[in-house]
Protein chains: 2
Amino acid sequence: MTTAQRPTLEAVARRAGVSRATVSRVVNGSTTVAEPIQEAVRRAVAELGYVPNLAARSLVTQRTDSVALVMPEEATRVFSDDQVFPGIIRGAAQELEAADKQLVLMLAGSAAGHERVERYTTGRHVDGVLFASLHGADPLPGTLARLGIPVVCAGRPLDGARVPYVDVDNVGGVTRAVRHLIENGRRRIASIAGPQDMIAGIERLTGYRETVTAAGLAELVAYGDFTRESGAAAMHQLLTAHPDLDAVFAASDLMAHAALRTLREAGRRVPDDVAVIGFDDIETAAYTEPPLTTVRWEIVELGREMTRQLLRLAAGEAIEESVILPTELVVRESA
Amino acid sequence: MTTAQRPTLEAVARRAGVSRATVSRVVNGSTTVAEPIQEAVRRAVAELGYVPNLAARSLVTQRTDSVALVMPEEATRVFSDDQVFPGIIRGAAQELEAADKQLVLMLAGSAAGHERVERYTTGRHVDGVLFASLHGADPLPGTLARLGIPVVCAGRPLDGARVPYVDVDNVGGVTRAVRHLIENGRRRIASIAGPQDMIAGIERLTGYRETVTAAGLAELVAYGDFTRESGAAAMHQLLTAHPDLDAVFAASDLMAHAALRTLREAGRRVPDDVAVIGFDDIETAAYTEPPLTTVRWEIVELGREMTRQLLRLAAGEAIEESVILPTELVVRESA
DNA sequence: TTGTAAGCGTTATCAT
DNA sequence: ATGATAACGCTTACAA
């Protein structure tokens, strides 16, 4: 079975009885073409089923009309039931669709993957790069920015590079959460912190520390990596080190979920004995036992906003160095 | 700030003192180049930081080295905490990375989105197309296949098109689940079925029907769309219509999760009064109250297998029309 | 307003 | 084994 040759501009031009240039103008929406000719060209395009060859176009325009979305690949987090990454993917996809650009997804977890991402993006195979999550002080965003390649990150880059980013108001959200606990009479408030090589982990811990300290309370901290497994381990640690705790703020809903179960297994009632608050408001949060009080933020909106900023940057517009999205405390039954 | 021009083959050739053709050979790993010359070329490549222009290459090779992964866009399912789609994305990304191809993600939910996907894929902007989920009798996979464009679907296409697909053994998995219920003495076994315009919804219902009928038991069915919300509604219906039910098989873990909560609210104990089994084994399943017995399958593996098949197809190899992945009953506490 | 023609950066076909 | 050279399909000055 031979595959039918796809028609080229040339073929359409012949059919419509005009030059390639004219067809190109019509296809690209130039207004300087006489109406009847436009009509004829459009008919020829339809009859032949012509679709522009993107590679050829890209070769001459120097644009690729595609942007890369780079994600870390750690199995535990990216594609567990954490909704953060899927949400960002969705937001980016929506916004790019509206801009008629392609979304190229790249996993950068392994060293090989990271190198591949670096080659691909520095090679200008995309018009811009979105980083969905940064671990440690990855220099890649800064490198790309210096090369003049449009970049936007989710969260402030830890290496101090001046790369535009979009983030949520982590500190504000945590502050509200911890205050809520204090206002409800809790005094021994612990925190299951996130990984300290990620900006979200750092900021959420900072918010907790500042708030409990300002209230004259002790800092009771254990560390996790945002996953349920790590949350369970951290909760055990806290229970052992501070058996008298009466509240826990977890830096992710996943860790909060695990804390809920660990507390139950330890015979503590939530919220009677121990109040629990999470962060993210993933869908599961409304279905935990008891339903989880948490700090909500719009995941999909983060993806959309990042993409909007990137498109502006790629269009040569100036953008703010950072955009901070709001958070909101959703009070359910766990606190 | 002017962007540095990226070096071309020409530049590398000049630097290494050879022709463009030779550089091309070295870059593409041809063995017919003398070792010292290869050496010189490689040095020039490194010094200049040369990266091939994919558009130019694609233009002449007629390959794009990228494949599209098409997903439906319904907000409720694709990016809720259902891990199915993220899992497929991950599997595809891993496999494509190994093959050095790009993953282009496309959402096909809206009519406009669907049309866009059609234009893009039929326009041969990708070497192949992966469909992550089909709703109703979407003719697109069949259309692409007829155009000679490599296509692989997740699940058998409902329009009867002869398109290769990879799926899990839905019927087998459900059969084992329902038998487990029967063996444990359950006799009033209901099912919360999935959407009947999706092959997974249809097959899981078929498996349930056949098994209860073979055991001489009644069919008690309510319908959902795989989401928690729909699961809760379906559970309510079942409780009203069949207050004496003693077991529920839900076609997705999300619906099973909602059923668990609905049953508790209705004062039924799980598994004492009512046993519950789900399908998918998402991470949350191990954390529900009580932990959910469910039918497990390897989501990421589905994505990988689909991609492997597609790559074979794109390489001109013949492949089986379908690959069925195994399922396994994971017994926890809910049944 | 329309057409001509010169690239864009590769790969591939021939010679050599 | 290496080098010219002709495509690949499109956009875009520049002419007409």
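Letters A, B, ... mirror the listed sequences (proteins, then strands); counts begin at 1. Note that these values count all heavy atoms, side chains included, but never hydrogens, waters or copies made by symmetry.
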Base, sugar-phosphate alone, or nothing: which one does B:L54 contact when heavy atoms must sit under 4.0 Å apart?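 No contact.
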
[Y] backbone acceptor or donor facing [X] side chain under 3.5 Å:
X: A:T122; Y: A:E118; answer: yes
X: B:T22; Y: B:V18; answer: no
X: A:Q38; Y: A:V33; answer: yes

Using whole Å, report how far [atom1] of [X] lies from [atom2] of [N].
X: B:Q62; N: D:dG9; atom1: CD; atom2: C1'; answer: 9 Å
X: A:E10; N: C:dT4; atom1: CD; atom2: C1'; answer: 12 Å
X: A:R14; N: C:dT2; atom1: CZ; atom2: P; answer: 20 Å
X: A:R63; N: C:dC8; atom1: CZ; atom2: P; answer: 17 Å
X: B:Q38; N: D:dA1; atom1: CD; atom2: C1'; answer: 11 Å
X: B:N53; N: C:dC8; atom1: CG; atom2: C1'; answer: 8 Å
X: B:D65; N: C:dT10; atom1: CG; atom2: C1'; answer: 13 Å
X: B:R6; N: C:dG9; atom1: CZ; atom2: P; answer: 8 Å

Report for the helix from C:dT1-D:dA16 to C:dT16-D:dA1: angle between first-end and last-end helix axes, five pairs each, rounded to 10 degrees.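 Rounded to the nearest 10 degrees, the bend comes out at 30°.
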
For residues 92-122 of chain A, which residue pairs pass the ring-ring contact (aromatic ring centres under 6.0 Å, His included) check, not counting sequence neighbours?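 Pairs touching residues 92-122 of chain A that pass the test: A:Y120-A:H125.
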
Please enumerate all residues that pass side chain to side chain contact (heavy atoms under 4.5 Å, CB included) together with A:D167, with sequence neighbours excluded.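 A:D167: side chain to side chain contact (heavy atoms under 4.5 Å, CB included) contacts with A:Y165, A:N170, A:I199, A:E203, A:I324.
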
Interface polar pairs with nucleotides 11-13 of chain C, N/O, under 3.5 angstrom:
| unit_1 | atom_1 | unit_2 | atom_2 | d |
| --- | --- | --- | --- | --- |
| C:dT11 | OP1 | B:N28 | OD1 | 3.3 |
| C:dT11 | OP1 | B:N28 | ND2 | 3.0 |
| C:dT11 | OP1 | B:R57 | NE | 2.8 |
| C:dT11 | OP1 | B:R57 | NH2 | 3.2 |
| C:dT11 | OP2 | B:S24 | OG | 2.5 |
| C:dT11 | OP2 | B:N28 | ND2 | 3.3 |

Phosphate OP1/OP2 of D:dG9 contacted by A:T8 side-chain N/O (<4.0 Å):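 No, because none of the side-chain N or O atoms of A:T8 sits under 4.0 Å from OP1 or OP2 of D:dG9.
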
Short side-chain N/O contact to D:dT2 OP1/OP2 from B:T22, under 4.0 Å: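 Answer is no, no contact under 4.0 Å.
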
Indicate yes or no: does B:R90 engage B:E95 in a salt bridge with an N to O separation below 4.0 Å.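 No.
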
Between B:A55 and A:V33, who's closer to the 5' end of DNA chain C by nearest nucleotide?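 Checking each residue's closest nucleotide, the 5'-ward one belongs to A:V33.
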
Please list all pairs meeting salt bridge (Lys or Arg N to Asp or Glu O under 4.0 Å) that have one or both residues in residues 60-71 of chain A, counting only residues at least two apart or in different chains.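 Of all non-adjacent pairs touching residues 60-71 of chain A, those that pass salt bridge (Lys or Arg N to Asp or Glu O under 4.0 Å) are A:R63-A:D65, A:D65-A:K101.
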
For residues 45-60 of chain B, which residue pairs qualify under salt bridge (Lys or Arg N to Asp or Glu O under 4.0 Å), counting only residues two or more places apart or in two chains?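 Residue pairs passing salt bridge (Lys or Arg N to Asp or Glu O under 4.0 Å), neighbours aside: B:R15-B:E47.
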
Any side-chain heavy atom of A:I89 within less than 4.5 Å of one from A:L105?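 Heavy-atom side-chain distance check passes, below 4.5 Å.
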
